Amino acid sequence: IMVTISNKGAARRRNGRIKLVAASAILLLLILIGFYLLHWFTSSVLSSSGSSSSLDTGGIKGSPQSKQRILQSLTTLNELIQLSPDDTKKESIFLSTATKECIPGRDDHGKEINPTTHRKRECLRHVPLGKHISTGSDLEERMRLQRPRIGIMIAPGYISTTIARWIGRALKQTGKSIHMDIEILTTAHVPVYGYGKSHGYSKLIRVVILPLPLAVNDAYYYSMNDLAETNNDKGINDNDGSSFVIQNLDAILDETKLKYTAKPSSQTVASITKLLLRWHCRLSHVAAHTAELTLTLDNIIKHPTDTLETILTFVWRQDWEWEGHNHNENKIEERELYPKIWNGAAEDFVESEDGSLQPLLNQLSLLLQDSILSSSSADATMFGDVMQQSFANEMTKSKDLTSWPCPSFWDGVDNLDSGAAYKIANEMTPNCSDGDPFARCTVNKDRCEVKKDAMCK
């Protein structure tokens with residue numbers, strides 16, 4: 001009897017342990033299921049509301065998917081129309097030249113030698129007095145009139161114009177907050193050859209639209225719809241310099257312009273490709289000695305806040321070289337504070353209505369839907385083949401964009417024609433004028449460009 005009772009007790013204890021293990025297993029399974037559901041909710045549901053770890057979604061009123069789709073389209077376009085499929089080194093050289101910059105405190109502290117002067121490289125930040133300010137005036141009066149001149153350099157196009165307007169608004173807003181007055185000049189005209197005392201800019205911001213097929217197409221539609229034949233037609237002796245600045249920064253590409261503008265001819269595609277390469281050739285020479293920041297389209301779209309913080313830090317860095325005197329005394333200690341200040345200002349601006357990138361994305365969407373850039377039709381094939389051949393010819397002609405001076409904007413462009421290439425070349429020529437209070441044309445090549453003479457030197 002005692003043995004029977006003992007066996008029954010052991011069995012009950014075994015059953016209890018089994019039930020406890022089973023309950024623990026069920027509880028653990030429920031916990032795992034709960035963690036899985038929580039992970040699914042945060043990664044799927046919350047991400048659909050607009051959060052993204054790879055993109056800065058600030059400044060976008062719509063969903064981040066539109067931003068992602070455009071970036072993917074840019075990548076696809078780059079693969080569809082390669083600049084130099086048989087020699088990828090040429091494309092790398094072009095990209096390096098198109099993004100060359102000169103950042104004070106970084107590029108002028110190294111061992112690089114200026115290829116023109118054969119001296120240590122400098123990123124000059126000259127603040128000119130201008131011809132309209134008498135050097136004999138009272139110092140206080142001169143200081144009141146003298147302002148740093150910031151050039152936003154853009155090739156003709158709706159995309160670059162929209163970006164320039166975005167940058168200009170940010171600079172004006174932040175300038176007011178620190179009580180700093182600057183002159184902002186948005187232009188496609190390249191600076192004249194020479195240093196800061198010749199071209200009249202304190203710092204330059206170059207906007208680079210890539211892939212190149214997108215820049216060519218954008219320049220074409222812009223020239224056919226919103227680029228008038230006004231600049232440089234006065235000649236070099238009676239121009240006050242105001243016509244070298246883009247007056248209409250509100251030009252917008254819409255479906256009507258895209259639909260009713262004839263497709264570019266092969267000659268026009270070839271000419272615009274050459275002009276864009278020559279424009280970058282000129283700007284890369286300026287980056288050898290003048291403070292110049294380069295911004296690429298994909299970086300602006302991906303990281304608008306970081307890009308804007310870089311712009312503000314570059315522009316508002318208190319390192320001006322004032323002609324005739326020095327404004328920088330007692331301001332050195334402020335420099336270390338700027339990155340912290342501009343991070344917050346950049347975030348606030350990008351999140352504001354003025355800082356929205358939605359207008360840029362809207363115009364990009366239209367351009368990327370154009371049949372020339374989005375299909376394998378006969379027009380698209382012609383566009384790609386002609387652009388590749390023009391790219392190869394121009395790289396050879398300019399010695400891979402290193403020749404000085406760069407090839408003339410008028411070389412290969414009919415200056416009697418009023419078509420797209422003529423308008424774009426006219427818009428890119430140097431801001432060379434005897435009447436300009438800041439630019440000083442010391443190199444005859446620039447005067448030849450204004451006269452639309454590709455042969456004179």
Side-chain angles (χ1 to χ4, degrees), residues 60-63 65-81 154-166 186 188 207-229 246-273 275-276 279 296-298 300-301 356-387 390 417-428:
I60 307 298
K61 293 182 180 179
S63 67
Q65 282 78 7
S66 62
K67 193 175 187 179
Q68 188 65 59
R69 281 198 302 269
I70 286 175
L71 289 170
Q72 182 58 51
S73 296
L74 293 177
T75 301
T76 302
L77 175 59
N78 199 39
E79 296 170 351
L80 178 66
I81 306 178
I154 60 172
Y158 293 104
I159 301 173
S160 54
T161 301
T162 304
I163 293 173
R165 184 170 65 246
W166 183 74
T186 300
V207 177
V208 181
I209 305 302
L210 295 170
L212 190 60
L214 176 65
V216 172
N217 214 35
D218 187 23
Y220 171 73
Y221 281 107
Y222 182 79
S223 67
M224 296 300 289
N225 292 284
D226 287 281
L227 192 54
E229 292 179 55
I246 294 178
Q247 305 293 341
N248 181 20
L249 290 177
D250 295 319
I252 297 294
L253 175 67
D254 55 36
E255 292 183 1
T256 302
K257 293 175 182 177
L258 196 67
K259 181 178 179 180
Y260 292 104
T261 303
K263 299 300 180 186
S265 65
S266 58
Q267 182 179 354
T268 299
V269 171
S271 295
I272 296 177
T273 301
L275 289 171
L276 288 172
W279 190 80
T296 59
L297 174 63
D298 61 335
I300 293 171
I301 297 174
S356 173
L357 287 178
Q358 196 61 50
L360 173 65
L361 298 184
N362 293 342
Q363 295 185 82
L364 268 170
S365 294
L366 279 175
L367 274 171
L368 290 168
Q369 291 168 18
D370 187 36
S371 60
I372 285 181
L373 300 183
S374 61
S375 70
S376 58
S377 65
D379 285 340
T381 302
M382 178 279 294
F383 186 96
D385 292 344
V386 170
M387 202 188 73
S390 180
D417 183 17
S418 59
Y422 172 87
K423 292 178 181 179
I424 294 171
N426 203 39
E427 191 78 359
M428 290 179 167

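Fair warning: this is a prediction, and the values are worked out from it, not measured in the lab.
Rounded to the nearest 0.5 angstrom, N78 CG and L210 CG are separated by 8.0 Å. With rounding to the nearest 0.5 Å, the separation of NZ in K257 from CG in D226 is 3.5 Å. Distance check, rounded to the nearest 0.5 Å: CD1 of I252 to CD of Q363 gives 4.0 Å. In this structure, L276 CG and D218 CG are separated by 9.5 Å, a value rounded to the nearest 0.5 Å. For the atom pair CG of L212 and CE of M387, the computed distance is 5.0 Å after rounding to the nearest 0.5 Å. Rounding to the nearest 0.5 Å places CG of L360 at 6.0 Å from CG of L297.
S271 places a side-chain N or O within 3.5 Å of a backbone atom of Q267 that can act as its donor or acceptor partner. A donor-acceptor pair is defined here as one N or O able to donate and one able to accept, closer than 3.5 Å; no such pair exists between the side chain of S160 and the backbone of P156. Judged purely by atom type and a 3.5 angstrom limit, S223 uses its side chain to pair as donor or acceptor with the backbone of Y220. Remark: side-chain polar atoms of K423 are not paired, donor with acceptor, to backbone N or O of M224 under 3.5 angstrom.
Across all their heavy atoms, A420 and T268 have their closest contact at CB-CG2, 4.0 Å. Nearest approach of A380 to I372, heavy atoms of both residues: CB-O, 3.3 Å. Minimum heavy-atom separation, A188 to I246: N-CD1, 4.1 Å. Summarising the geometry of A251 relative to Y158, their closest heavy-atom pair is O-CD2, 3.7 Å, with the distance given to 0.1 Å. Contact detail for V269 and V216: the closest heavy-atom pair is O-CG1, 4.3 Å. When every heavy atom of P213 is checked against every heavy atom of L373, the shortest pair comes out as O-CD2, 4.0 Å.
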Would you check, one step at a time, whether the test side chain to side chain contact (heavy atoms under 4.5 Å, CB included) holds for L368 with T76?
-> CA-CA 10 Å; L368 290 168; T76 302; over 6 Å; no
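Test I70, T162, L366 against L361 for side chain to side chain contact (heavy atoms under 4.5 Å, CB included) and you get one pass: I70.
Residues meeting the side chain to side chain donor-acceptor pair (under 3.5 Å) test with S266, sequence neighbours left out: none.
By the 4.5 Å heavy-atom criterion applied to side chains, L364 and L214 are counted as neighbours. Side-chain contact between I163 and I209 is present, with heavy atoms from C-beta onward closer than 4.5 Å.
Pairs passing the salt bridge (Lys or Arg N to Asp or Glu O under 4.0 Å) check and including a residue from residues 359-375, sequence neighbours excluded, read K263-D370.
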